[in-house]
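Note sheet for the following structure.
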Amino acid sequence: MTITPTPAPRIAVIGAGPGGLTCARVLQVHGVAATVYDRASGPDDRNQGGTLDLHPDDGQAALKEAGLLEEFFRLARPEGQEMRQFDAATGNLRFHHEPAEGQLSAPEIDRGQLRDLLLDALTPGTVRWGHALQSVEGPADGPRRLHFANGTVVEADLVIGADGAWSKVRRVHSSAIPRHIGVNYLEAWFHDVDDRHPEIAEIVGLGSAMAADGDRCLFAQRNSGGHIRVYIIQAGPADWLARAGLTEQDTDRIRTLLLDRYRDWSPGLRRLLTDNDGLYLDRPLYALPVPHTWESDPTVTLLGDAAHLMPPLGVGVNLAMLDACELALAVAGHDTVADAIRAYEKTMLPRSTEMQSALDGAAAGLLSDEPFDPSHLDAD
Ligand SMILES: Cc1cc2nc3c(=O)[nH]c(=O)nc-3n(C[C@H](O)[C@H](O)[C@H](O)COP(=O)(O)OP(=O)(O)OC[C@H]3O[C@@H](n4cnc5c(N)ncnc54)[C@H](O)[C@@H]3O)c2cc1C
């Protein structure tokens with residue numbers, strides 16, 4: 001009797017963010033092939049944003065399974081765990097944490113460095129750029145048909161939605177759409193800070209610096225290569241810039257508006273609003289309704305922001321990478337894709353519901369002037 005081996009499932013990961021790339025890498029470490037599709041035209045298509053801290057129990061654990069932890073520590077900045085909190089009105093230092101020698105609870109890495117670390121570890125050709133998913137068709141028991149904006153149609157036995165906040169894959173499972181959380185980030189960048197912006201470099205130090213007054217906040221972080229990114233955090237509607245008759249191109253008028261809004265802040269801190277290089281970038285914040293769950297489907301699942309978009313309070317990337325790692329391990333360790341999805345979602349959905357619930361309505365925390373709670377900084 002000839003036994004025909006079951007063909008390997010065709011796995012399509014939608015999204016080459018930290019979640020999608022981690023998933024593809026851990027699958028490949030276990031000999032499971034996967035193709036990643038991303039709408040970006042290439043890896044450098046868009047500004048990758050700032051710096052991320054990866055924690056031992058999730059982001060770092062995922063990189064360990066990906067065989068990349070050592071390389072991560074070669075790139076990471078443990079000194080980035082330094083944290084300063086200033087009084088908004090006086091500019092006086094209220095709290096200062098400097099990481100102890102060997103503290104690795106939340107070392108920082110630039111988002112672009114993390115992306116390259118994961119991308120470079122994948123089998124060449126794994127990522128298909130320029131593929132913006134439009135819809136997922138086909139029966140629940142597969143095969144699924146993926147329709148891309150460039151006209152390509154691809155069949156897959158497992159579709160992994162790692163396509164972020166505005167996921168198209170999510171529509172298979174739910175009609176949930178992200179809601180604005182009533183808070184907006186305006187991003188400002190400072191380059192070559194030690195030479196060109198020494199006062200800013202002095203305020204921020206090697207890690208993060210923040211000040212808040214309950215209505216407004218400034219959160220600055222040093223990135224590698226002498227760059228500092230500042231989030232100007234304000235409550236308001238998502239279209240606050242348009243309501244003020246402004247666009248991101250109106251640098252001078254945005255500055256004037258900010259100086260007025262932060263008029264009672266210390267002059268030193270106000271330099272974080274005005275001395276930046278280049279344009280301000282408007283980033284309204286959204287979150288999915290809580291809880292966001294669905295009935296298990298044998299051919300489609302979600303991870304990261306596609307599954308549980310939350311306010312950015314330092315867990316998003318870590319959870320996306322943990323989801324990705326656990327899903328890949330489940331696929332490698334189960335006989336069928338359907339069993340793997342069930343096993344993965346059994347852990348992931350309660351975990352993300354718990355975290356979503358904890359952070360739901362936490363938007364005010366982004367503006368809080370409460371003294372910084374240092375308790376988690378020492379946990380290694
Ligand atoms: C302003 C801001 C600051 C943040 N700061 C932090 C922080 O300091 N620490 C932290 O842990 N988290 C932070 N987060 C959250 C963090 O960015 C996300 O949780 C994390 O990136 C989620 O990873 P992901 O892989 O699920 O999705 P993403 O990183 O969003 O990646 C999704 C990928 O899917 C692709 N894609 C999207 N749609 C399609 C489509 N239709 N077809 C094909 N490809 C598609 C995108 O191009 C992208 O590459 C922040 C978020 C914001 C908005």
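One-based numbering, in listed order, for ligands and for the atoms of each. Computed from a predicted model, the values in this text were never measured in an experiment. Index from 1, following the sequence.
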Has ligand 1 got any nitrogen or oxygen that is less than 3.5 angstrom from a nitrogen or oxygen of K168?
no
Does this structure show an ion pair linking R351 with E354, if we count only N-O contacts that are shorter than 4.0 Å?
no
Please identify which of these residues, R229, R255, H191, H197, meets the side chain to side chain donor-acceptor pair (under 3.5 Å) condition with N276.
R255
Residue selection (non-hydrogen contact nearest atom 32 (C) of ligand 1) among G15, P312, A162:
A162
At under 4.0 Å between heavy atoms, which part of I14 makes contact with ligand 1: side chain, backbone, both or neither?
side chain
Do G304 and ligand 1 have an N or O pair less than 3.5 Å apart?
no
Where is the nearest protein heavy atom to atom 46 (C) of ligand 1: which residue, which atom, and how far?
D38 OD2, 3.6 Å
Can you pull out the closest protein heavy atom to atom 9 (N) of ligand 1? Residue, atom name and distance to 0.1 Å, please.
L52 CD2, 3.6 Å
Protein residue, atom and distance nearest to atom 15 (C) of ligand 1, heavy-atom basis
G316 CA, 4.2 Å
For E248, look at atom CD and say whether over 12 heavy atoms of other residues, nucleotides or ligands are found less than 6.0 Å away.
yes
Below a 4.0 angstrom heavy-atom separation, can you tell me which part of W166, side chain or backbone, both or neither, approaches ligand 1?
neither
Less than 4.0 angstrom from a charged side-chain N to a carboxylate O is my criterion; do E155 and R10 meet it?
yes
Is there a ring pair (Phe, Tyr, Trp, His ring centres under 6.0 Å) between W166 and Y286 once you walk through the steps?
CA-CA 10 Å; W166 303 100; Y286 293 85; 5.0 Å; yes
Aromatic ring pairing W294/H173, orientation class (parallel under 30°, perpendicular over 60°, tilted between)
parallel
Should we count CG of L259 as having more than 12 external heavy atoms under 6.0 Å?
yes
Kindly identify the option in L309, T51, V317, V127 whose heavy atom sits closest to atom 8 (O) of ligand 1.
T51
With respect to atom 41 (N) of ligand 1, which of N184, V169, L133, L302 exhibits the smallest heavy-atom separation?
L133
For ligand 1, is any non-hydrogen atom under 4.0 Å from H131's backbone (N, CA, C, O), its side chain (CB onward), both, or neither?
backbone
Hey, does the Lys NZ or Arg CZ of R216 hover above the aromatic six-ring of Y262, less than 6.0 Å from the centre and inside 45° of the axis?
yes
Out of Q221, R111, R39, who gets a non-hydrogen atom closest to atom 16 (C) of ligand 1?
R111
Before you tell me yes or no, could you show the steps for L329 and Y344 under side chain to side chain contact (heavy atoms under 4.5 Å, CB included), namely the whole-Å CA-CA distance, both residues' side-chain angles and the distance that decides it to 0.1 Å?
CA-CA 9 Å; L329 293 176; Y344 157 70; over 6 Å; no
Subset of ligand 1 atoms that lie under 4.0 Å from at least one heavy atom of R283:
1 (C)
Tell me the protein heavy atom at minimum distance from atom 29 (O) of ligand 1, and give that distance in Å.
P18 CD, 3.4 Å
